[in-house]
Amino acid sequence: MDKYEKIIGMAKRRGFLWNSFELYGGTAGFYDYGPLGAMLKRRIEDIWRKMYVIEEGFYEIETPTIGIAAIFDASGHTRGFSDPMVVCSKCDHSFRADHLIEGIVETPDALPASEIKRLIDEHGIKCPQCGGTGTFGDVSSFNLMFKTTIGPGAERVGYLRPETAQGMFVDFEHLFRFYREKLPFGVTQIGKAYRNEISPRQGVIRLREFTQAEAEIFINPTEKNHPKFSMIEDTVLRYYPASHQRVSHPAHEDDGGIIELTTRDAVDRAIVAHEFLAYHLVLTHLFLVRVGIDPARMRFRQHQPDEMAHYAVDCWDAEVLTDRFGWVEIVGIADRTDYDLSSHAEHSKKDLSVLIEYDTPKQVERIAVKPDMGVIGPLYKGNAGKVLAALKGLGEEDLRGDEIKIEIDGEIVPIPRDLVEYETVIEEVRGERVIPHVIEPSFGIDRIIYAALEHSFSEELVAGVTRNVLHLPAEVAPVQVAVLPLLTRDELITPSLAIAETLRENGVFVSYDDSGTIGRRYRRNDEIGTPFSVTIDYDTLGDDTVTIRDRDSMAQIRMPIGELAETLRAMIRHGFSDAATRHNQIF
RNA sequence: GCGGCUGUAGUUUAGUGGUAUGACAUGAGCUUCCCAAGCUUAUAACCCGGGUUCGAAUCCCGGCAGCCGCACCA
């Protein structure tokens, strides 16, 4: 039994994760979060909100999970997310149909399935595997987006969003105004995304419905330094730059090319493209460690140039080392340049550029052309608009001579000199219009949850018996405190229930358990990662003190009930030993 | 999607053409004990559908799911 099996087994037994629809046999690619899983997920998302929304000031928005076709035409998902497949009937190998006809047409990926099939037959394409001709079946197109229809009549196509990002790009104009028309600003969204994976076989690592937490940070393309860079420049991360990757598809491999560098070094040595990206690598690192990922089993892998989307400047994946799947991507952090906004501007025919004001306005000399449209209009009729545009584009040397020549639809058209006046004017230019660049950290929450479970899971020998422990950080542990009467007797149960109630009123998430022996209950709580247990025993009845047991060390301290809530809250924030050292009675 | 293997309580496991064994877990009780102790007892399963048969969990077919390989993997 490998670690993945142990963790998924534990997660199922203890109510973290269940395969969805199991009552009806289940379907691959869908998981339910049970009571503990949903709590863990909520806590991890809340930490993400604390860091990105509150500390960075990237407000959270919420956009529909269904998008209209136009959005995904602009984003490229309707084309780029679809792969035409074909199967050889002789050897049963399947191939990308567009790859088979790559040498025959310029843009095979733009062709419909029927056309690709026709070309394959016409050119007698051989099966690359077995060499057979005429063995290919029909080309089947498979788009990874779930398709649906909007409204009655079923004619309007909608798609379940394959990422949360597009909703934020589409709202760019509103957001820019909301942030009082200043760059940089960021916006976030935590929500479901959907990809109809062909064969999702890796449990919670590859889901058809999954949760993303994404930030889109819109920045001035000429200003990629980060104002808070000096605060993080000494942080050391494990980098795995593209130039160090010796295998062609290194996603799950490790060839030892990881280097540890300070963030300052990484930027100075041009390993990371710029400060802004580097800052977000660090922020990602801090988040992942805080939710329970082992920094020693984490790296930042740079995309190879051919792997990176063509528009991106630089792209890094935070990857975690897992027992079964090797290195797995859990966060992608990319400089997407102006690709997304430009593409939406083009498709929507809206100007999504913003004015970047100069510190001091520039004086610019310009030729102002003033054609006499009262004459030109009736003279050129339908072409008058083109004439006007052409005239306005002329420089002084074109206007100076006796005759003015312009080009309309490939023809040279002379314009009478006296119809066009011009003068040189001095204009004040206040700034420059640019399409903002986008820095996008994109988190796969489900994978992060799995990684946090795997990295915090351990089996420890205690007096010859295995103890299963989830060493989750207290801040993310689903149950924060277990309240346990030492024995199942009424005189201990009554005060225990009262203590549990008081803790709940103080905002601590508490479970109460009086079944079985105390040892069994400690182990149960160890397995689900409960960091602290409060035990009520016979001393409690005499002196109003209880013990707090630490999950990781199994050490206990004794303290008055009155200090309990405050101490536990401090422990959840800062750990057991800090708070424990203020109490002597460790046993 | 293709090929191979597999499918028995929550988990694990025995078994076979006549409705199912044990363990762990869980509930109740005893024990009154600070790290999965013990005892009693209870709950609980043959993936789904169809066929063959007097009778199918067992044999056959189909589906679904899981594992492995191929392909795919923003």
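Chain letters run A, B, ... following the sequence lines, proteins first and then strands; every chain starts at 1.
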For the [atom1] atoms, the ones on [N] and on [M], what distance do you get once it is rounded to whole angstrom?
N     : M     : atom1 : answer
B:C24 : B:A37 : P     : 11 Å
B:G66 : B:C47 : C1'   : 11 Å
B:A36 : B:U26 : C1'   : 14 Å
B:C48 : B:U6  : C1'   : 16 Å
B:A45 : B:U11 : P     : 12 Å
B:G18 : B:U43 : P     : 25 Å
B:A65 : B:G49 : C1'   : 15 Å
B:C46 : B:G7  : C1'   : 10 Å

Taking 4.0 angstrom as the limit, do A:Arg558 and A:Asp537 come out as a salt bridge?
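A salt bridge links A:Arg558 with A:Asp537.
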Report the base-pairing partner of [N] (Watson-Crick or G-U wobble, both distances below 3.5 angstrom), or none.
N     : result
B:G3  : B:C68
B:U21 : none
B:U31 : none
B:U26 : B:A42
B:G55 : none
B:U16 : none
B:A36 : none

Verify side chain to side chain donor-acceptor pair (under 3.5 Å) between A:Arg524 and A:Ser515, making sure each step is shown before the conclusion.
CA-CA 11 Å; A:Arg524 254 187 218 152; A:Ser515 85; 3.1 Å; yes
Cation-pi, A:Trp327 ring and A:Arg299 (6.0 angstrom, 45 degrees)
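Yes, cation above the ring, under 6.0 Å and within 45°.
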Which part of the nucleic acid, if any, lies within contact of [X], taking any heavy atom under 4.0 Å across all strands shown: a base, the sugar-phosphate backbone alone, or nothing?
X        : answer
A:Thr466 : base
A:Leu486 : base
A:Arg524 : sugar-phosphate
A:Asp526 : nothing
A:Ala28  : sugar-phosphate

The side chain of [X] is closest to which nucleotide in this list: [options]?
X        : options             : result
A:Arg523 : B:A36, B:G10, B:U32 : B:A36
A:Arg520 : B:A25, B:C35, B:G27 : B:A25
A:Thr517 : B:G27, B:A37, B:C34 : B:A37

So which one's nearest nucleotide on RNA chain B is more toward 5', A:Glu22 or A:Thr488?
A:Glu22
5'-most by nearest nucleotide on RNA chain B - A:Arg549 or A:Leu487
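First, find each residue's nearest nucleotide; the 5'-ward one identifies A:Leu487.
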Is the A:Phe72 ring parallel, tilted or perpendicular to the A:His77 ring (thresholds 30°, 60°)?
perpendicular
Hey, can you tell me if A:Tyr52 and A:Phe443 have their rings parallel, tilted or perpendicular (30° and 60° cut-offs)?
perpendicular
Run the ring-centre check on A:Tyr194 versus A:Tyr159 and record whether the distance is less than 6.0 Å.
no
Can you find a donor-acceptor N/O pair under 3.5 angstrom joining the side chain of A:Glu197 to the base of B:C72?
no
